[in-house]
Amino acid sequence: MAPAKPRVLYWFRTDLRLHDSPALKAALDLKPECLYPIWCWDPHYVYRARVGPNRWQYLLDCQSDLSASITKLNPKSKLLVLREAPQTVLAKLLKAWNISHLVFEKDTDAYARERDEHVISQAKEAKVAVIVKMGRTLYDPDELVKANGGKPTMSITQVQRAAEKLGEVTKPVPTPESLPNPGDISLDFEHTQPSPKPDFNDIQRDDKETSYTHLAGPKGDFAVPTLSELGLKPATTQHRGGETLALRALDEIISNTTYTATFSKPSTAPTAFDPQSTTLLSPHHHFGSLSVRLFYWRVKDILREYKGKQSTIPTNLVGQLLFRDMYFGAQAALGYSFAQTSSNSHCRFVPWHLPSKVDPSNGLITGHHHIDSPEAESWFDRWKWGKTGFPWIDALMRQLRQEGWIHHLGRHAVACFLTRGGCYIDWERGAEVFEEWLIDHEVSCNSGNWQWLSCTAFYSQFYRCYSPIAFPKKTDAKGYFVRHFCPELKDFPDKFIYEPWKAPMADQKKAGCLIKGDGQETEEGGIRVYPKPMFDFNARRTICIDAIKSAYRVNLYGDNPRVKDGTWRELFPDSAEGPTEGTSAEGGINGEEAGKKTRLKRGEDASGEMGLDQDEREAAEVGGETRGGDQEDRSPGKRKRKGQGTLDAHFGGKRAKK
DNA sequence: GCTAAAGTTGGGGAG
DNA sequence: TCTCCCCAACTTTAG
C-alpha cells in the first residue's frame, strides 16, 4: 500500500543543478515527507561510452558541487551516489526505501530512452508513480518533432517554425529554498555488479576500475567517486564543472551587455584561447549544471533593453541554443540511427575511408572500423594526436586533448579536414574522438555537427572548404594559438607559422625546429622536430570535392538497403571506398575489403547489368522510383560526367528511395 | 511546377 | 583593416 505522504526518489541525470529544474520542482510540489536525491553510477558511461579523464572530472565537479548545495539547503541531505546500473538498482531502492514517487528529468537520447522505459515499467510494477519533466532543452524535443510534422528537425528555420507553434520558451522556475530530509538509507539488498566488457575506456585507465566494488562507495557513505577509483589519470583541463561556477560564468557573460547582445558566432575568433571568444557554457549545459532556459531568458532580457545594433538568429546566442534544440529534435526523431550513417534516413551515404563495422544483429555501429586504406589509417592517427604537419589542425587537436574544449569553428576546421576537406575519412571516426575528449560532448550535437561538417546532413555546400592556412590567418596572423599549443614552432617567423615546411632551412635552424618526418620523432640531435605535412592540402581538397560530388550524384542515404548489403559499390564508377578513380588506385585495400570487391565484381557480371553504361545503371538502380520527369534531365547527352564541369543539378536533387 | 533567394560561420581580390 | 563582391555551385524554401 502506498504511504499517505509521498516519499520521493529524485534521480539526477542530465540536471546537476538546483536552479530552474522543472523535475525537482515537481518533486517538491508533492510536499514529500522525504526526498532521496540520488545518482546512479551507470556502467553504460563507465564502460560503453567513450569518456576521457577531463569529462569525468567535470562530472565529478558537478556532483560534488550539487551535493554541497543540497547539504546547504538541508544539512541532513546530500547527493547519494549508488554504484550500480539504474536498470538493476532502482527497483530495489524503490522497495527498500518504500518510495511512492520516482521523479526525473526527461532524456531523449537513444540509450536513455531505452533505459528509462525499462525503469518506468519496473516502477509501474511496483506501483510507484513516475513523474518525468522536460528541462534539458528550450523545447521538449518530442514536442518539437511533433510540431515539425513528425519529422526530425533538420534546419534552423524548421526549428523556428515549430517553435512558433509551441509558443514561448518556459520561464525558469525558482530555486528551492529548502529540501526535505532523506529517509532511512540502509541498503539491505544484493549489490549487482555490472559487466565490464566491452570496456571502451580501458585505453584511458592506468589502473584497475574499482568504482563498482561497493554499492555506496568504499566508505559506504554514498560519496562521489574519484578518478582513481575509476583507474583514470588526473584530468589535464583547467575547465571545471559545477552549478556554482556555471551561475558565476553566466553572470559574468550577461553583465557584459554588448558582448551578449552583439555576439555573432561566425565572427568570434577560433584562435582566441586565453580567454576564448565564446561563452564556454556548453559543458555546463551538457551536465545540466546550467539551465538553457535560464540562459535563454537572461539573454532575452538583455536583448529587450539593448539599444545598439544587435546580432540576430541564427548567429546570436539565442540562435546557438536553437541549434542545440535542432540537434536534439533530429535525434529524438531518429533514435540510435542519428549517431551513425548506417540506417540513418537523413544522412547521406559517402564511401569514406575507415568505415564503421556494423553489428548485423541490431544494425548499430560497433565502435570498430574497417581499414580499407593503411594510408588513411595513418592519417587518422596523425590527425587524432596532432601530428598532421598542419600547425592549425595540430594545435586544435592538442588543445582538444589537453583541455577538452575547442572553439566551435576550430571543430569545423578539424572536422572538415578529417572528412570532406582532406582525409576523406568517415565522420564517425572523428565523432568518436570528440566523444572521448570533449568535456561538452553531447551525443545529438556531436553527431549532428559531424554530419553538418562532412556535408552528409544539415549542410551541403561542400565546395566551401576550410583551409588550414588561410582560415586561421584571418584572426591570428601571428600564430599565437599555434605557438601556444605547438610550442616546438614558437620561434618560427610569422610568415611560415601555418606552413612551416615552406621555411628555408636557415629559418628552421634559427627557430630551433626542423620540419621533417611523419611525427614519430620529436627531436633530432638536440633540435626539436615538427612533422612535414602529411599531404598536399590543395591536391587533397580537389580530390575530396570531386569525390563528394560523385557521392551526391549517386544520392544514397544511410537507410538504403544498398548501404547495408554493400551493393552501393556498383553505383560508384570506381566501386571502392574513398575518393578513388580506379579500383585500387589509391591507398590500397586490405584482404577483407579486396575479397568483398571481387565478389561484387562477379555479382555485377552475373546480373547482366554490365551491359548498361554508368548513367543507365544509375538511372535504373538509384532513380528508379523517382518521378518520371527526371528521365529527361538524366539523359546521357545532357548529363555531364565527373570532371567535365558542372553537374546536372536535377539528377541528385531527388531523394533515392529504399 | 517554376524561379529566385537563402542557407550560422570559405577564399581571394579589389577598393 | 574592413567590407564587398565574385568564384562555383549544393539543397531547401519562399513566392
Side-chain angles (χ1 to χ4, degrees), chain A residues 148-149 151-162 262-272 277-279 282 310-327 346-348 350 392 406-417 420-422 445 448-449 451-478 498-499 537-538 541-542 544-555 557 626-630 632-633 640 642-656:
Chain A
N148 191 44
K151 298 195 184 90
T153 40
M154 299 303 289
S155 75
I156 209 66
T157 28
Q158 284 175 12
V159 172
Q160 284 179 282
R161 268 208 304 274
T262 63
F263 179 98
S264 180
K265 179 65 82 59
S267 55
T268 59
T271 45
S277 59
T278 50
T279 66
S282 53
Q310 301 180 4
S311 52
T312 51
I313 293 170
T315 61
N316 68 2
L317 288 172
V318 170
Q320 304 309 301
L321 291 174
L322 290 175
F323 277 110
R324 186 171 176 274
D325 267 45
M326 175 183 79
Y327 289 133
H346 285 66
C347 178
R348 283 177 182 280
V350 173
W392 165 237
I406 53 179
H407 185 280
H408 187 68
L409 294 179
R411 301 180 197 201
H412 279 214
V414 297
C416 179
F417 184 88
R420 66 182 167 87
C445 299
N449 274 317
Q451 286 169 66
W452 185 298
L453 264 303
S454 60
C455 284
T456 48
F458 300 101
Y459 188 75
S460 55
Q461 291 168 250
F462 53 73
Y463 48 90
R464 292 194 167 177
C465 188
Y466 290 89
S467 153
I469 293 123
F471 186 65
K473 264 188 197 168
K474 286 192 291 189
T475 50
D476 186 11
K478 292 188 177 302
Y498 293 115
E499 35 195 350
F537 175 76
N538 286 325
R541 179 184 177 277
T542 308
C544 288
I545 289 179
D546 223 28
I548 279 276
K549 219 182 273 184
S550 165
Y552 264 64
R553 191 163 49 196
V554 171
N555 197 31
Y557 283 74
T626 56
R627 292 169 307 104
D630 285 357
E632 191 190 353
D633 295 338
K640 290 192 177 122
K642 183 177 175 182
Q644 291 182 340
T646 56
L647 286 162
D648 175 352
H650 294 283
F651 183 75
K654 298 294 176 285
R655 188 84 156 66

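Below, chains carry the letters A, B, ... as their sequence lines are ordered, and counting in each starts from 1.
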For this session: Round to a whole Å and report the spacing from CD1 of Ile156(A) to C1' of dT11(C).
Result: 17 Å
Exercise. Mind checking whether Cys544(A) and Arg541(A) have side chains closer than 4.5 Å, heavy atoms only?
Worked result: no
Exercise. Rounded to whole angstroms, how far apart are CG on Asn449(A) and C1' on dT8(B)?
Worked result: 11 Å
Problem set entry | Ranges pairing with ranges for DNA chain B, where each run has three or more Watson-Crick or G-U pairs under 3.5 Å | B:2-7 with C:10-15, B:10-15 with C:2-7
Problem set entry | Sub-4.5 Å side-chain heavy-atom contact between Thr271(A) and Trp392(A) | yes
Exercise. Between dT8(B) atom P and Gln461(A) atom CD, what is the distance in whole Å?
Worked result: 9 Å
Problem set entry | Footprint string (nucleotides 10-15 of chain B, 5' to 3'): B base within contact, S backbone only, - free, heavy atoms under 4.0 Å | BSS---
Problem set entry | dA5(B) and dA9(C), which share atom name C1', separated by this distance in whole Å | 14 Å
Problem set entry | Leu322(A) vs Gln160(A) side-chain heavy atoms within contact, under 4.5 Å | yes
Seminar exercise, completed: d(Ile156(A) CD1, Thr315(A) OG1) to nearest 0.5 Å is 11.0 Å
For this session: Would you kindly give the CZ-to-P distance between Phe458(A) and dT9(B), to the nearest whole Å?
Result: 14 Å
For this session: Taking atom types as modelled, find out whether Thr268(A) and Thr278(A) have a side-chain donor-acceptor pair closer than 3.5 angstrom.
Result: no
Seminar exercise, completed: Heavy-atom closest pair (Arg420(A) atom, Gln461(A) atom, distance to 0.1 Å) is NH1-O, 4.3 Å
Problem set entry | His408(A) side, atom NE2; Gln320(A) side, atom CD - distance, nearest 0.5 Å | 7.0 Å
Exercise. How long is the gap from OG on Ser311(A) to CZ on Phe263(A), to the nearest 0.5 Å?
Worked result: 8.0 Å
For this session: Please state the P separation for the pair dC4(C) and dA6(B) - nearest whole angstrom.
Result: 15 Å
For this session: Classify the side chain of Gln320(A) and the base of dT8(B) as holding, or not holding, a donor-acceptor pair under 3.5 Å.
Result: yes
Problem set entry | Asn555(A) CG - dC10(C) P separation (whole Å) | 13 Å
Seminar exercise, completed: Closest non-hydrogen contact found for Val414(A) with Ile406(A) is CG2-CD1, 4.4 Å
Can you check nucleotides 13-15 of chain C for protein contacts, nitrogen or oxygen pairs under 3.5 Å, and list what you find?
from    : atom 1 : to        : atom 2 : distance (Å)
dT13(C) : OP1    : Gln158(A) : NE2    : 2.9
dA14(C) : OP1    : Arg161(A) : NH1    : 2.5

Seminar exercise, completed: Interatomic distance, CG@Leu453(A) vs SG@Cys465(A), rounded to 0.5 Å, equals 10.0 Å
Exercise. In whole angstrom, what separates Ile313(A)'s CD1 from dT8(B)'s C1'?
Worked result: 11 Å
Problem set entry | Mutual orientation of the aromatic rings belonging to Phe458(A) and Trp452(A) [parallel < 30°, tilted 30-60°, perpendicular > 60°] | parallel
Problem set entry | Atom pair distance, as rounded to whole Å: CZ in Arg324(A) and P in dT8(B) | 19 Å
For this session: Quote, to the nearest angstrom, the P distance that separates dT8(B) from dA8(C).
Result: 24 Å
Exercise. Does some side-chain heavy atom of Pro270(A) sit less than 4.5 Å from a side-chain heavy atom of Pro472(A)?
Worked result: no
Exercise. Over how many whole Å does the gap from His412(A) atom NE2 to dT8(B) atom P extend?
Worked result: 11 Å
